[in-house]
Colleague: 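Below is a structure I'd like to ask you about.
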Number of protein chains: 2
Amino acid sequence: MKVRGNNNHKSMGGQVPEPTLRRLPGYLSYFKSLKINGIEHVSSSQIASTFNMDATLVTKDLSHTGIKGRTKIGYNVDKLIETIIVFLDFNTHENAFLFGVGNLGKALINYDGLKHYGLKIVAGFDVDPRVINTSVKDVKVYGVDDFRDLSRKIPARIGIITTPDGKAQETADYMVAWGIKAIWNFTPQSIKVPDNIVVENTSIYSDLAVILNKLNK
Amino acid sequence: MKVRGNNNHKSMGGQVPEPTLRRLPGYLSYFKSLKINGIEHVSSSQIASTFNMDATLVTKDLSHTGIKGRTKIGYNVDKLIETIIVFLDFNTHENAFLFGVGNLGKALINYDGLKHYGLKIVAGFDVDPRVINTSVKDVKVYGVDDFRDLSRKIPARIGIITTPDGKAQETADYMVAWGIKAIWNFTPQSIKVPDNIVVENTSIYSDLAVILNKLNK
DNA sequence: CAATAGTTGTTATTTTATTAACAATTCTTC
DNA sequence: GAAGAATTGTTAATAAAATAACAACTATTG
């Protein structure tokens with residue numbers, strides 16, 4: 001007999017597959033649009049057809065979050081939204097520092113979305129005197145040296161790297177020394193950090209490679 | 001006996017696994033930095049340690065591009081760079097239209113990198129009269145209606161969606177009607193298009209979900 | 001010039017992710 | 001209220017990707 005246990009907390013053993021984690025935000029966006037349109041229930045086959053995937057996979061993905069559907073009815077949209085938001089920690093406000101306030105950095109700061117997805121960029125850092133002491137939206141930009149004081153006022157566990165290529169490793173080293181626990185690296189450069197630091201590389205070049213490959217096939 | 005054949009063209013049967021495609025741009029960036037530092041050869045184990053992965057996987061990834069290494073020496077850095085660029089079609093200039101000239105759209109247009117990775121954004125489109133007829137860098141922004149004339153002057157196969165959420169499907173429909181063959185969707189919304197159209201979704205929320213999950217584990 | 005160690009590249013194994021099959025449930029219709 | 005159809009959710013099978021094992025090769029060293 002298998003123990004199901006309560007699955008309100010993902011701290012329990014059961015690892016969630018990364019592909020599942022990656023799909024959940026897409027589902028969430030879809031469920032929100034359903035809610036706006038006044039739709040109260042949705043079935044796995046509907047979801048699957050929207051995302052061009054297998055219905056069983058949807059079912060499995062959703063089961064990881066602990067949500068229960070009803071036979072012949074499907075899943076409750078409100079419940080889906082609430083459950084996924086909590087499951088992905090999108091209801092928390094995790095502070096983040098952003099290093100490299102160029103075009104991409106500014107775009108991320110201006111990107112309202114992040115706020116509703118658990119991330120709050122609380123300060124920007126740069127080496128360019130022309131951007132230091134300016135503000136992007138309500139986010140102030142500091143020089144690197146101001147970090148010590150700032151980190152005492154506003155603790156942050158996440159660091160975002162949007163510097164030009166070539167400065168990524170240097171920036172990552174700073175961040176780790178500062179006490180940053182997770183690094184979100186938007187440069188194509190690979191960075192080396194201690195094992196206990198979480199690193200996520202977001203490379204639009206990877207996406208581009210996939211597009212060009214499919215297009216020219 | 002297995003026929004190896006020449007593998008100068010990926011048009012031949014052998015599908016390249018998507019994970020491999022996604023890793024290649026990262027390798028490329030690393031190889032470029034090696035070249036700058038005057039390093040002429042690199043081994044799969046060095047590469048693997050840089051990216052925190054298994055050396056065999058590196059070897060396999062590189063073998064897909066047709067490059068040959070030398071026992072006890074490794075791979076020639078110049079050759080690696082050249083081969084991967086050609087393999088990923090980063091040496092071509094694929095034209096792209098960008099729809100939704102907001103913060104993210106502007107950042108992408110300003111992002112010099114893309115030009116060196118095979119993609120050239122040739123025009124922006126928007127519905128906001130305040131941005132129509134302006135320029136971002138050397139890229140002009142048009143209203144949607146101007147498309148017909150423009151597409152005759154500058155053909156493009158790739159369409160980039162950086163509109164606000166909720167406009168993604170509508171925009172995708174336009175693009176397909178216009179003759180766009182591949183859509184790069186930066187909104188979290190899923191879009192439905194005919195089977196012959198390539199769609200790549202770039203969702204930073206997926207990356208965020210992975211980061212938060214690892215951080216809170 | 002033989003032995004050694006570092007290295008590629010292939011084949012086999014294991015792990016992970018996806019798809020298929022099916023049993024259980026329950027709303028709806030006749 | 002019985003029959004049928006739609007749906008969940010689990011278990012089994014398949015497919016894909018990553019890792020391990022190993023054979024072949026070649027610079028370097030003694």
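Each chain gets a letter, A, B and so on, in the order the sequences are listed, and its residues count up from 1.
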Colleague: Let me know the distance between NZ of Lys68(A) and P of dA24(C), rounded to the nearest Å.
Modeller: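 About 17 Å, once rounded to whole Å.
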Colleague: To the nearest angstrom, how far is Leu21(B) atom CG from dA16(D) atom C1'?
Modeller: 15 Å
Colleague: Could you verify whether a donor N or O on one side chain and an acceptor N or O on the other, from Asn201(B) and Ser203(B), lie under 3.5 Å apart?
Modeller: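 The criterion, which ignores hydrogens and geometry beyond distance, is not satisfied for Ser203(B) and Asn201(B).
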Colleague: Checking ring-ring contact (aromatic ring centres under 6.0 Å, His included) between Phe147(A) and each of Phe99(A), Phe97(A), Tyr174(A), which is the one that passes?
Modeller: Phe97(A)
Colleague: Would you please test Arg23(A) and Leu57(A) for side-chain contact (heavy atoms from CB on, under 4.5 Å) and show each step?
Modeller: CA-CA 10 Å; Arg23(A) 282 187 294 262; Leu57(A) 190 48; 3.6 Å; yes
Colleague: Take the protein atom CD of Gln15(B) and the nucleotide atom C1' of dA15(D), then report the distance between them rounded to whole Å.
Modeller: 14 Å
Colleague: In whole angstrom, what separates Asn52(B)'s CG from dA18(D)'s P?
Modeller: 15 Å
Colleague: Determine the interplanar angle of the Tyr30(A) and Phe51(A) rings, folded into 0 to 90°, and report it as parallel if under 30°, tilted if 30 to 60°, perpendicular if over 60°.
Modeller: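 Ring orientation of Tyr30(A) relative to Phe51(A): perpendicular.
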Colleague: Output the rounded distance in Å from NE2 (His41(B)) to P (dA27(D)).
Modeller: 11 Å
Colleague: Does a side-chain heavy-atom distance below 4.5 Å link Thr59(B) with Tyr75(B)?
Modeller: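 They are in side-chain contact.
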Colleague: Checking the side chain of Asp61(B) only, and the main-chain atoms of Thr20(B) only, is there a donor and an acceptor separated by less than 3.5 Å?
Modeller: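 No, the answer is negative, given that no donor and acceptor are paired below the 3.5 Å cut-off.
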Colleague: Within this structure, what is the CG-to-P distance between Leu62(A) and dT7(D), rounded to whole angstrom?
Modeller: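 Between P of dT7(D) and CG of Leu62(A): 15 Å.
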Colleague: Do any of residues 69-85 of chain A sit with a heavy atom less than 4.0 Å from DNA chain C, and if so which?
Modeller: Arg70(A), Thr71(A), Lys72(A), Ile73(A)
Colleague: Using nucleotides 14-23 of chain C, report all nitrogen or oxygen pairs with the protein that are shorter than 3.5 Å.
Modeller:
| residue | atom | partner | partner atom | Å |
| --- | --- | --- | --- | --- |
| dT18(C) | OP1 | Arg23(A) | NH1 | 3.0 |
| dT18(C) | OP2 | Arg23(A) | NH2 | 3.0 |
| dT19(C) | O4 | Lys60(A) | NZ | 2.8 |
| dA20(C) | OP2 | Asp54(A) | OD2 | 3.4 |

Colleague: Tell me what Ser43(B) touches on the nucleic acid: a base, only sugar-phosphate, or nothing, going by heavy atoms under 4.0 Å.
Modeller: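 Sugar-phosphate contact only.
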Colleague: Which pairs pass side-chain hydrogen bond (donor to acceptor under 3.5 Å, both in side chains) with one or both residues in residues 159-170 of chain A, sequence neighbours excluded?
Modeller: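 For residues 159-170 of chain A: Gln169(A)-Asp173(A).
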Colleague: Distance check, rounded to the nearest 0.5 Å: Trp184(A) atom CH2 versus Ile211(B) atom CD1?
Modeller: 5.0 Å
